[in-house]
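If you're wondering where the values come from, they're calculated on a predicted model, not measured in any experiment. All values below come from the heavy atoms of this structure, side chains included, with hydrogens, waters and symmetry mates left out. FYI, the numbering just counts along the sequence from 1.
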Amino acid sequence: MRILVVGSGGREHALAWKISRSPLVSAVFAAPGNPGIAQVATLVPLKLEDHGAIIRWVKENRIDLVVIGPEAPLVAGLADRLGEAGVLAFGPSAAAARIEGSKAFAKDVMRAAGIPTAAHETFDAVAPALAWARARGGRVAVKADGLAAGKGVVVCGDVAAAEAALQAMLVQHVHGAAGARVVVEERLEGPEASCLCLSDGERVRLLPAAQDHKRIFDGDRGPNTGGMGAFSPTPNVTPAVEAVVERDVVLPALRELSRRGCPFRGVLYAGLMLTKDGPRVIEFNARFGDPETQPIMMRLAGDVVPALVAAAKGDLSGVELPVDPRAAVGVVLAAENYPGTPSRGDVIEGLEAPLDADVQVFHAGTAQRPDGAVVTNGGRVLTVCALGDGLDSAAARAYAAAARIRFRGMQLRRDIGKKP
Ligand code: AMP
Ligand code: GLY
């Protein structure tokens, strides 16, 4: 098979790496990719927004499967356009991807399907939203309805914080049109977990559960980021919790989307808070998580390609996903000043260090200069990922590999994999 991976982050590097190991695959391409992905795939300089150019290239190059990584092209309908052109695509339709693209839609689906989640209301004006927040002592999460690059959620502890968040979104329009409508929901407490599953619209195959570290600093301090590291398995997601998530979260969501005429084929990502009353959904994503995908791909023991094809074709019934019993830990190396405007162009040293087979360095915000040097080119630069017998051993190997890599202003958390 000839496979195109769409995207350029650590997630797409992990996907391209795993796909490239499949005996079914003769060629892997990535658009636009990055210098790390170039080690396992041929890069194609296509723009994610230019669906026409992507489809022309895919047709001319006889691609058998397109795997779409990021949410923006899914929400913009790339999977639909590929389907109309007769190309097999892994990733949901625009209508199904609204489960990520509109938080109000996601909440509506959850309410209709009886999925456990925080109580909420949707607002487009400050006064009624603030009254709702005040009735809960300001302990709410204020969420921009649309896509805001992972920055559209403000978790508030008092009324003043809730008012500031509402003003910023609804009056100052800090997220533009994405924040013209907000979801305000009760604030939940508990550890978080990321439960991802492949879906063919009806059936599911759970991927190994993972946990993300969202804040920039150790001990979950500082501002939110796209994710500073992830690990799998997480002790919080026992087989019993997994069974509850499949029965009470994932399957009801898929049934409700099908009932609405938009069956979900692709990866459904349930972001959960494990409260004392059981798992509650804090968000759905319509794609693989980043950085969760990096440890998840390292733990998949079999070939991922038949599973991606089966989900895309709409029949997962014969698919199994054997999982490596070892743990995987992925540590993100971020650029100076991230999650603010990151420094770019800093030379990365130590990438050529010989790696053991159970250690992988996935690239995200990297670029190659004409002289061959690899430099930083984004907030999250690399994810250093390792397998080990247990989380402590995997973390020790990942940190040992990360210690060989250097660039100016490099930031990393020291506690990845050590969450309760
Ligand atoms: P999201 O961008 O939807 O992943 O949300 C970002 C982060 O906000 C989540 O990872 C949680 O830590 C936090 N969050 C979202 N919703 C809630 C909630 N209802 N209660 C407490 N924290 C929340
Ligand atoms: N790591 C969180 C996400 O992919 O949305």
Side-chain angles (χ1 to χ4, degrees), residues 1-44 61-69 88-91 196-198 205-208 210 230-233 266-267 287-313 316 318-331 351-364 366 382-389 394 397-398 401:
M1 292 182 74
R2 295 164 61 80
I3 299 185
L4 171 69
V5 176
V6 173
S8 61
R11 164 183 54 209
E12 287 77 21
H13 189 177
L15 287 167
W17 167 77
K18 185 70 184 161
I19 288 168
S20 73
R21 294 161 73 96
S22 167
L24 301 173
V25 171
S26 55
V28 188
F29 301 89
N34 64 41
I37 299 179
Q39 296 159 12
V40 294
T42 304
L43 303 189
V44 191
N61 289 277
R62 305 179 324 281
I63 296 300
D64 302 299
L65 174 70
V66 179
V67 178
I68 304 170
L88 190 64
F90 178 87
L196 284 69
C197 66
L198 299 183
R205 293 290 180 272
L206 260 53
L207 292 158
F231 59 96
S232 172
V267 186
R287 49 162 176 87
F288 283 103
D290 191 342
E292 291 94 327
T293 303
Q294 292 84 310
I296 289 173
M297 286 299 135
M298 289 194 74
R299 288 194 70 216
L300 289 187
D303 188 351
V304 75
V305 170
L308 299 176
V309 169
K313 284 190 172 163
L316 274 171
V319 167
E320 285 182 39
L321 285 176
V323 173
D324 191 321
R326 289 176 297 168
V329 170
V331 178
L351 284 174
E352 66 293 332
L355 298 170
D356 105 43
D358 291 338
V359 178
Q360 296 294 327
V361 178
F362 297 117
H363 287 222
T366 66
L382 302 162
T383 310
V384 182
C385 228
L387 284 164
D389 295 322
R397 289 172 100 174

TODO: Output all residues satisfying side chain to side chain donor-acceptor pair (under 3.5 Å) with E12, sequence neighbours left out; order by chain, then residue number.
DONE: none
- [ ] Can you sort out the partners of N34 under side chain to side chain donor-acceptor pair (under 3.5 Å), two or more places apart, ordered by chain and number?
- [x] none
Task: Heavy-atom side-chain proximity of F288 to E292 below 4.5 angstrom - done: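 The answer is no, as the side chains (C-beta and beyond) never meet within the 4.5 Å cut-off.
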Let me check something: any side-chain donor-acceptor pairs from residues 61-68 under 3.5 Å, sequence neighbours excluded? List them with distances.
| unit_1 | atom_1 | unit_2 | atom_2 | d |
| --- | --- | --- | --- | --- |
| N61 | ND2 | W57 | O | 2.8 |
| D64 | OD2 | R2 | N | 2.7 |

Task: Residues which pass side-chain contact (heavy atoms from CB on, under 4.5 Å) with A311, listed by chain and number, not counting sequence neighbours - done: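 With sequence neighbours excluded, A311 shows a side-chain contact (heavy atoms from CB on, under 4.5 Å) to F90, L316, given in chain and number order.
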Task: Non-hydrogen atoms of L24 and P306 that approach each other most closely - done: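 Here L24 and P306 meet closest at CD1-CG, 3.7 Å.
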Task: Pair listing, salt bridge (Lys or Arg N to Asp or Glu O under 4.0 Å) test, anchored in residues 318-327, at least two apart - done: D324-R326, R326-D358
Open item on the list: Are the side chains of R299 and P233 in contact, using a 4.5 Å heavy-atom criterion?
Closed with: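 They are in contact (side-chain heavy atoms under 4.5 Å apart), so the answer is yes.
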TODO: Kindly give the heavy-atom pair with the smallest separation between G10 and A364, and that separation in Å.
DONE: N-CB, 3.5 Å
Task: Test item: F362 and M297 side chains (from C-beta on) under 4.5 Å apart, heavy atoms - done: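 Contact flag for F362/M297 side chains = no.
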Open item on the list: Among residues at least two apart in sequence or on other chains, which ones pass salt bridge (charged side-chain N to carboxylate O under 4.0 Å, His left out) with R11?
Closed with: none
Task: Set of residues satisfying side chain to side chain donor-acceptor pair (under 3.5 Å) with respect to T383, sequence neighbours excluded - done: Q294
TODO: Give, for atom CD of Q39 and atom OG of S20, the distance between the pair rounded to the nearest 0.5 Å.
DONE: 10.5 Å
Task: side chain to side chain donor-acceptor pair (under 3.5 Å) partners of S22, counting only residues at least two apart - done: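 With sequence neighbours excluded, S22 shows a side chain to side chain donor-acceptor pair (under 3.5 Å) to D303, given in chain and number order.
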Open item on the list: Measuring from atom CH2 of W17 to atom CD1 of I37, what distance do you get when rounded to the nearest 0.5 angstrom?
Closed with: 13.5 Å
Task: Donor-acceptor contact below 3.5 Å, side chain R205 vs main chain V319 - done: yes
Open item on the list: Within the structure provided, determine whether L382 and L351 are in side-chain contact (heavy-atom separation under 4.5 Å).
Closed with: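 Yes, close enough: below the 4.5 Å cut-off.
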Task: With sequence neighbours excluded, residues passing side-chain contact (heavy atoms from CB on, under 4.5 Å) with P325 - done: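 Testing P325 for side-chain contact (heavy atoms from CB on, under 4.5 Å), a comparison that skips the adjacent residues, returns none.
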- [ ] State, yes or no, whether a side-chain contact exists between L308 and I3 at a heavy-atom distance under 4.5 Å.
- [x] no
TODO: State, yes or no, whether a side-chain contact exists between L207 and L300 at a heavy-atom distance under 4.5 Å.
DONE: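 The answer is yes, as the side chains (C-beta and beyond) meet within the 4.5 Å cut-off.
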Open item on the list: Within the structure provided, determine whether T293 and L15 are in side-chain contact (heavy-atom separation under 4.5 Å).
Closed with: yes
TODO: Supply the atom-to-atom distance T42 OG1 to L4 CG, rounded to the nearest 0.5 angstrom.
DONE: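 One gets 10.5 Å once the value is rounded to the nearest 0.5 Å.
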Open item on the list: Quick check against the 3.5 Å criterion: does H363 have a side-chain atom that pairs as donor or acceptor with the backbone of P35?
Closed with: no
